[in-house]
Participant: 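Got a structure for you, written out below as structure tokens; questions coming shortly.
Not measured: the values here are computed from a predicted model. Ligands are counted one by one from 1 in listed order, and the atoms in each one are counted from 1 as well.
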Amino acid sequence: MDGKSKPGVPYGGMTDTWAKKHRLIYIGATRHPFILSIRDGTVDLSAFKRWLGQDYIFVRAFVPFVASVLIRAYKKGDESSGDMEVILSGLGSLNDEIAWFKQEASKWGVDLSQVAPEKPTQHYCRFLEELMRPEVDYTVATAAFWAIETVYQESFAHCLEEGSKTPPELQEACQRWGNDGFGHYCSSLRNIADRQLEKAASGSEPLVKVSEDVVSKAEVTFLRVLEYEVDFWNMSCGTAGHSAAPKP
Ligand SMILES: Cc1ncc(CO)c(N)n1
């Protein structure tokens with residue numbers, strides 16, 4: 001293996017293996033009842049507003065996380081990988097996203113300055129801070145980054161598919177993460193993560209043991225992202241305080 005991503009070969013990387021291996025929780029995060037309620041038009045608008053306020057808080061915390069990934073990409077010094085350009089474009093869309101949240105909040109009468117983070121938001125933001133620590137490997141950080149963006153992409157794209165009954169006033173929100181450009185950006189993030197994981201798994205790093213450790217840490221991190229996403233959706237539905245575990 002040369003440790004490079006394979007252009008034109010969309011499947012077969014480690015991230016794809018994980019999504020299949022952990023299919024139930026993956027579906028739990030990307031086809032959550034909150035998303036399904038948007039898709040079938042039965043969504044409770046107070047739930048949408050709660051999601052909006054909490055996600056604004058999350059996105060503000062997500063910016064420094066993405067910036068920390070950018071710093072690590074720079075420090076790797078591999079200019080030809082194109083990683084920095086992808087991550088930088090992500091920071092650019094987060095800039096637009098923050099402006100969109102403010103505009104959307106005023107449209108719905110949500111005063112963002114009055115929104116306090118709920119427990120799942122606090123926990124997710126704390127997790128992002130842990131991932132910003134310098135000892136966290138670039139491979140682990142890029143796997144988390146890919147997973148965080150992809151859950152939203154897959155969830156909201158589902159609300160725009162043929163046959164969905166997403167209310168018109170929520171379609172713009174779904175477009176934000178469900179559009180093809182965002183899908184392409186998520187594929188670029190997946191390529192970055194897969195290339196890193198492949199390098200680690202093939203033992204091209206000097207210490208094979210350390211590399212294996214990185215791959216399993218990245219997989220655990222992927223699972224934690226899915227759990228935080230499920231908790232976040234649960235909170236939006238009004239079932240805050242419950243974990244990702246199935247309810248009795
Ligand atoms: C909770 C959450 N996960 C992922 C994204 C994608 O940016 C977001 N905005 N919020």
Participant: So, applying side chain to side chain contact (heavy atoms under 4.5 Å, CB included) with Trp51, which one of Phe58, Tyr56, Phe34 is it?
Facilitator: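 Looking at Phe58, Tyr56, Phe34, the match for Trp51 under the side chain to side chain contact (heavy atoms under 4.5 Å, CB included) is Phe34.
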Participant: For residues 159-172, pull every pair meeting side chain to side chain donor-acceptor pair (under 3.5 Å), keeping only residues two or more places apart or in separate chains.
Facilitator: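 The answer is Arg39-Glu161, Trp100-Glu172, His158-Glu161.
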Participant: What does the contact table look like for ligand 1 (nitrogen or oxygen on each side, cut-off under 3.5 Å)?
Facilitator:
unit_1: ligand 1; atom_1: 3 (N); unit_2: Glu229; atom_2: OE1; d: 3.3
unit_1: ligand 1; atom_1: 3 (N); unit_2: Glu229; atom_2: OE2; d: 2.6
unit_1: ligand 1; atom_1: 7 (O); unit_2: Glu149; atom_2: OE1; d: 2.7
unit_1: ligand 1; atom_1: 9 (N); unit_2: Asp55; atom_2: OD2; d: 3.0
unit_1: ligand 1; atom_1: 10 (N); unit_2: Asp55; atom_2: OD1; d: 2.6
unit_1: ligand 1; atom_1: 10 (N); unit_2: Asp55; atom_2: OD2; d: 3.4
unit_1: ligand 1; atom_1: 10 (N); unit_2: Tyr152; atom_2: OH; d: 3.2

Participant: Do Trp108 and Glu104 meet the criterion of a side-chain donor-acceptor pair at a distance under 3.5 Å?
Facilitator: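 Note: Trp108 and Glu104 side chains meet the donor-acceptor criterion.
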Participant: Who are the side chain to side chain contact (heavy atoms under 4.5 Å, CB included) partners of Glu85, not counting sequence neighbours?
Facilitator: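 Glu85 satisfies side chain to side chain contact (heavy atoms under 4.5 Å, CB included) with no residue once adjacent residues are dropped.
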Participant: Taking NZ, NE, NH1 and NH2 as the nitrogens, is one of them in Glu227 or Arg224 under 4.0 Å from a carboxylate oxygen of the other?
Facilitator: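 Looking at Glu227 and Arg224, the cut-off is not met.
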Participant: Extract all donor-acceptor atom pairs below 3.5 Å that involve side chains of residues 89-96 and protein atoms in other chains or at least two apart in sequence.
Facilitator:
unit_1: Ser89; atom_1: OG; unit_2: Val86; atom_2: O; d: 2.7
unit_1: Ser93; atom_1: OG; unit_2: Ser89; atom_2: O; d: 3.1
unit_1: Ser93; atom_1: OG; unit_2: Gly90; atom_2: O; d: 3.2

